[in-house]
Student: 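Handing you a structure now.
Reminder, nothing fancy here: chain letters follow the sequence lines and each chain counts from 1.
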2 protein chains.
Amino acid sequence: MTTDVKPSSRERLLEAAATLTYREGVNIGIEALCKAAGVSKRSMYQLFAGKDELLAASLERRASAYVAGLLPAADDGRAARDRIAHVFERVTSQSADPEFRGCPYLSAEIELKDPDHPASRVARQVKADLTSFFRAEAEQGGAGDPDFLARQLTLVFDGASARAGIGAEHLDGFLAPTVAILLDAAGVR
Amino acid sequence: MTTDVKPSSRERLLEAAATLTYREGVNIGIEALCKAAGVSKRSMYQLFAGKDELLAASLERRASAYVAGLLPAADDGRAARDRIAHVFERVTSQSADPEFRGCPYLSAEIELKDPDHPASRVARQVKADLTSFFRAEAEQGGAGDPDFLARQLTLVFDGASARAGIGAEHLDGFLAPTVAILLDAAGVR
DNA sequence: AGTGATGTACACCGATCGGTTTTCTTTTTT
DNA sequence: AAAAAAGAAAACCGATCGGTGTACATCACT
């Protein structure tokens, strides 16, 4: 048996923090996090320096899975335009889940309101990575101004997840054609 | 003298609530709000049923001023396209203020995470009003699908204010051309 | 001057916050 | 089996949360 039946305390804490802060917001209490993780507060404070660091670590841990769930495979042979569209198809399908509350990294930055908070730094980096992906694909796709297009796509990504996350917009059949307009205008074929 | 030297307790509370929740988030304490307003807690609880209602009332009070600061004059004789662009010029110039933290109504909805919260209802209505404005102008401007365009513009509005609000994007020279692309694609001349 | 309303100041309520300490039990190591 | 390390449970810390109760000052209206 190579798979543990029960993840480590550290992993359970990170998982609980990711789940609960996403659902309830970053103001969720330490007590609730530890209870959900089945870990004592004492142990939590031996594993993490404090709430801020736990929060940052939980966002960071999720980052690779989050980005992986959004981005297409590194080289799937598809055209840049399709690879960009893939990201927006993913967020569209994610938004169909009633538990969807928008991009956790955007929410964290908005809720924290402190760019120096460790979790804000992690969130910023995740967004920067997404923009970098867009920029690379835009370049690959022959966009007239790849940087400009990448920023537009990130803006649309955040706007779409924010609005879908608060239940104000329904992305299916809406987001893809909107993105297509920007890709067309940028000369990505 | 028709102007009071000192606004009423109610007005000072609404003002303080608007300012502090925008700067610090909706989790700001009642104590801090009352202290900033120079009003006792006792008086606050005679004027408002509780924190939720104070918060909702403060968002509502700001709503007309917020929308008025964004929208062009009711009939300024300009073309629909210019009237739509006006809104994005306004948010662009607002975002230059270092105190800018994005649209307070979007932030409130994201932070509260409860669509039934009185303040969420107010915020939702403000956004619906903005979308209505876009839709009316889109129709006036001859958009092929006015509703579709209005939703796109609201999405861009929220994405732009969110990203500018967390300091991730700088709207000047970026937002206007992005909106222009959508207007062009929708056939608004 | 007397009276009631309004409002401030402040102690107080139970609950919870982030964080620490102590005690006891479980697990691991030897 | 004995010893040692780890962790869970829970009390506890001071501070703050939303909200109340009480006492005292200020005001307008007769």
Side-chain angles (χ1 to χ4, degrees), chain A residues 1-59 108 111-114 116-120 122, chain B residues 1-2 4-59 108 111-114 116-122:
Chain A
M1 252 219 259
T2 59
T3 60
D4 287 25
V5 280
K6 191 175 185 182
S8 71
S9 294
R10 182 185 169 85
E11 280 166 8
R12 276 178 289 142
L13 274 168
L14 292 173
E15 187 64 29
T19 302
L20 288 183
T21 59
Y22 184 56
R23 187 193 308 151
E24 315 275 349
V26 297
N27 279 287
I28 183 77
I30 283 279
E31 208 111 36
L33 292 181
C34 290
K35 175 156 291 190
V39 173
S40 71
K41 282 212 287 181
R42 189 73 178 79
S43 303
M44 188 253 126
Y45 278 104
Q46 278 171 226
L47 291 166
F48 300 95
K51 189 192 181 184
D52 294 355
E53 281 67 29
L54 169 58
L55 190 49
S58 99
L59 287 188
E111 289 172 38
L112 291 171
K113 291 185 198 303
D114 173 12
D116 293 330
H117 191 294
S120 289
V122 174
Chain B
M1 258 221 255
T2 58
D4 287 23
V5 279
K6 191 175 183 181
S8 71
S9 294
R10 182 184 169 85
E11 281 166 8
R12 274 178 292 141
L13 274 168
L14 292 173
E15 186 64 28
T19 303
L20 287 183
T21 59
Y22 184 57
R23 187 194 308 152
E24 313 276 348
V26 298
N27 279 288
I28 183 78
I30 284 278
E31 208 111 34
L33 291 182
C34 289
K35 175 156 290 190
V39 174
S40 70
K41 275 206 304 182
R42 207 75 191 80
S43 304
M44 188 254 126
Y45 278 104
Q46 280 169 230
L47 291 166
F48 299 95
K51 189 191 180 184
D52 293 355
E53 282 67 30
L54 169 59
L55 190 49
S58 99
L59 286 189
E111 289 173 37
L112 292 171
K113 293 185 197 303
D114 173 12
D116 294 329
H117 191 293
S120 290
R121 297 182 195 276
V122 174

Student: To the nearest angstrom, how far is A:Lys35 atom NZ from C:dC17 atom C1'?
Tutor: 15 Å

Student: Rounded to the nearest Å, what distance is computed from the CD1 atom of residue A:Ile30 to the C1' atom of nucleotide C:dT20?
Tutor: 13 Å

Student: D:dG7 P sits how many Å from A:Leu47 CG, rounded?
Tutor: 7 Å

Student: Among C:dT20, D:dT20, C:dT8, which nucleotide has an atom closest to any side-chain atom of B:Lys41?
Tutor: D:dT20

Student: Nearest-Å distance, CZ (A:Arg42) to C1' (D:dA5)?
Tutor: 13 Å

Student: Are B:Glu31 and B:Lys41 close enough, and set up right, to give a side chain to side chain contact (heavy atoms under 4.5 Å, CB included), and what steps lead you there?
Tutor: CA-CA 7 Å; B:Glu31 208 111 34; B:Lys41 275 206 304 182; 3.7 Å; yes

Student: Starting at CZ of B:Arg10 and ending at P of C:dG7, how long is that distance when rounded to a whole Å?
Tutor: 12 Å

Student: Quick one: CG on A:Leu33 to CE on A:Met44, what's the gap to the nearest 0.5 Å?
Tutor: 8.0 Å

Student: Are OP1 or OP2 of C:dG18 and a side-chain N or O of A:Lys51 less than 4.0 angstrom apart?
Tutor: yes

Student: Strictly by modelled atom types, are A:Gln46 and A:Arg42 linked by a side-chain donor-acceptor pair under 3.5 Å?
Tutor: yes

Student: Whole angstrom is fine here: how far is it from CG in B:Leu13 over to C1' in C:dG7?
Tutor: 12 Å

Student: Please tell me which of the listed nucleotides, D:dG19, C:dG7, D:dT22, lies nearest to the side chain of B:Ser43?
Tutor: C:dG7

Student: Calculate the interatomic distance between B:Leu54 atom CG and D:dC17 atom C1'; express it in whole Å.
Tutor: 15 Å

Student: Please answer whether the main-chain N or O of B:Leu55 pairs with a side-chain N or O of B:Ser58 as donor and acceptor at a distance below 3.5 Å.
Tutor: yes

Student: Mind calculating the distance between OH (B:Tyr45) and P (D:dG21) to the nearest angstrom?
Tutor: 12 Å

Student: With a non-hydrogen cut-off below 4.0 angstrom, is B:Ile28 in contact with a base, only sugar-phosphate, or nothing?
Tutor: sugar-phosphate

Student: Which comes earlier along DNA chain D counting from the 5' end, the contact point of A:Ser40 or that of B:Asp52, where each point is its nearest nucleotide?
Tutor: A:Ser40

